[in-house]
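In what follows, chains carry the letters A, B, and so on, assigned in the order in which the sequence lines appear, proteins first and then strands, with residues in each chain numbered from 1. These numbers come from the heavy atoms of this one structure, side chains and all, not from hydrogens, waters or symmetry mates.
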Number of protein chains: 2
Amino acid sequence: MKLTVRGEYALRALVVLGLSYSADAVLRIQAISEQQNIPKRFLEQILNDLKSAGVVTSRRGVTGGYRLARPPHEVTLATVIRHMDGALAPVSCVSERFYEKCSCPDEAKCGIRSVMKEVREAVVKILENVTLAQLCERVKLLQGVQANILDYAI
Amino acid sequence: MKLTVRGEYALRALVVLGLSYSADAVLRIQAISEQQNIPKRFLEQILNDLKSAGVVTSRRGVTGGYRLARPPHEVTLATVIRHMDGALAPVSCVSERFYEKCSCPDEAKCGIRSVMKEVREAVVKILENVTLAQLCERVKLLQGVQANILDYAI
DNA sequence: AGAATCCCCACTGAAACAATCAAGTTTAAG
DNA sequence: CTTAAACTTGATTGTTTCAGTGGGGATTCT
């Protein structure tokens with residue numbers, strides 16, 4: 001599994017949306033783009049893609065913007081990454097959803113394949129069990145730690 | 001971590017070399033290439049690369065060929081894959097050996113990064129603990145099972 | 001010498017990646 | 001009812017990576 005810049009931007013944007021999640025408040029692309037150093041035009045494309053995945057919804061027009069389509073605890077990182085970057089498996093011949101035949105003489109007898117399956121399992125286990133809500137919690141915690149250090153300094 | 005075709009070919013070739021490992025017998029590129037459906041010219045390049053990594057050695061000339069530079073139980077998959085395909089981490093900002101700064105506002109406060117570190121740990125734990133010898137064992141086992149099925153059929 | 005093998009380095013064609021551009025449509029406010 | 005600020009859609013571009021090829025050179029046995 002390789003997380004591309006595209007996938008990373010998607011996660012970063014979703015964290016921002018997750019942190020300010022509420023019934024019907026929306027965030028503008030520009031706001032997210034500025035806060036996260038993401039090229040606006042590129043982010044536009046990415047959020048649109050997340051929309052087609054049913055992860056976010058949008059409102060158009062001058063008061064428009066994006067918000068999560070569902071509460072953060074219902075979105076797993078696995079879902080997001082699979083949609084943006086494809087397979088979680090290190091090679092497609094061990095992928096469940098993005099399977100492709102490989103060139104080895106016989107997949108059933110392939111030792112490499114069995115190791116790669118283990119790797120895939122390990123990755124999937126982590127990413128399917130971390131939700132956007134948990135990711136946001138981590139962020140709050142990390143930023144909280146920093147804030148406390150500052151408090152002491154003052 | 002993404003295993004490229006290049007890395008996969010390397011592992012496949014090493015399994016062949018591992019299975020017939022002995023003090024000074026060598027295998028020709030052509031033999032490996034034919035057995036494994038790997039383009040000869042490409043394999044040439046790959047084995048040369050593995051040589052510079054100290055994984056294999058070669059003998060030139062008409063009786064030439066390749067063999068493992070060290071016994072199979074001393075070579076981990078992590079070593080091979082890192083040399084062929086680079087970082088095991090899903091993003092380079094969490095890689096130990098291939099670290100590169102990422103574009104997020106503050107790495108220390110990045111929640112995504114902390115999840116990706118977990119993924120990296122999981123992958124490394126597997127690949128650093130599987131040696132070429134163990135991989136060869138798996139292959140023998142898998143092929144053995146097939147052989148038995150055939151025996152019954154006869 | 002000659003044939004078979006490894007060695008080295010450059011090159012190419014295709015695909016993936018990271019953007020960017022252009023020309024819409026929708027919406028609220030003035 | 002016009003306009004500006006937002007999202008929408010689809011194409012395009014420049015760069016890098018990937019997989020594979022090609023040509024010529026060095027080495028070693030016979």
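- OP1 or OP2 of D/dC18 has not a single side-chain nitrogen or oxygen of B/Tyr9 nearer than 4.0 Å.
- A/Phe42 has its CZ atom 14 Å from the C1' atom of D/dG14, to the nearest Å.
- Rounded to a whole Å, the CG atom of B/Asp49 is 13 Å from the P atom of C/dC9.
- Nearer the 5' end of DNA chain C, as judged by each residue's closest nucleotide, is the contact made by A/Leu43, out of A/Leu43 and A/Arg60.
- The distance from atom CG of A/Leu17 to atom P of D/dC7 is 11 Å, rounded to the nearest whole Å.
- Rounded to an integer number of Å, the gap from A/Arg41 CZ to D/dT12 C1' is 12 Å.
- A sub-4.0 Å separation between OP1 or OP2 of C/dC7 and a side-chain N or O of B/Ser58 is present.
- Taking each heavy atom of A/Ala10 and A/Met84 in turn, the nearest pair found is CB-CG, 3.8 Å.
- OP1 or OP2 of D/dC7 has not a single side-chain nitrogen or oxygen of A/Asn48 nearer than 4.0 Å.
- The residue B/Leu47 sits apart from the nucleic acid: no heavy atom pair falls under 4.0 Å.
- Using a 4.0 Å heavy-atom criterion, one finds that B/Glu44 contacts the bases of the nucleic acid, with or without backbone contacts as well.
- Atom NZ of A/Lys2 is separated from atom P of D/dC18 by 9 Å (rounded to the nearest Å).
- Rounded to an integer number of Å, the gap from CD1 of A/Ile29 to C1' of C/dT26 is 14 Å.
- Remark: B/Glu121 does not engage B/Lys117 in a salt bridge, criterion side-chain N to carboxylate O under 4.0 Å.
- Between B/Glu107 and B/Arg113 there is a salt bridge, since a side-chain N of the basic residue sits under 4.0 Å from a carboxylate O of the acidic one.
- Residue A/Lys40 is classed as having no contact, given no heavy-atom separation below 4.0 Å to the nucleic acid.
- Distance A/Gln30 CD to D/dA5 C1': 10 Å, rounded to the nearest Å.
- Applying the 4.0 Å criterion to OP1 and OP2 of D/dA6, one finds that A/Arg28 has a side-chain N or O inside that range.
- Taking only side-chain nitrogens and oxygens, B/Thr63 never comes nearer than 4.0 Å to OP1 or OP2 of C/dT5.
- In this structure, A/Arg82 does not pair ionically with A/Glu96, as no charged nitrogen and carboxylate oxygen lie closer than 4.0 Å.
- A donor-acceptor pair under 3.5 Å links the side-chain atoms of B/Thr76 to the main chain of B/Thr79, judged by distance alone.
- Distance NZ (B/Lys51) to P (D/dT27): 11 Å, rounded to an integer number of Å.
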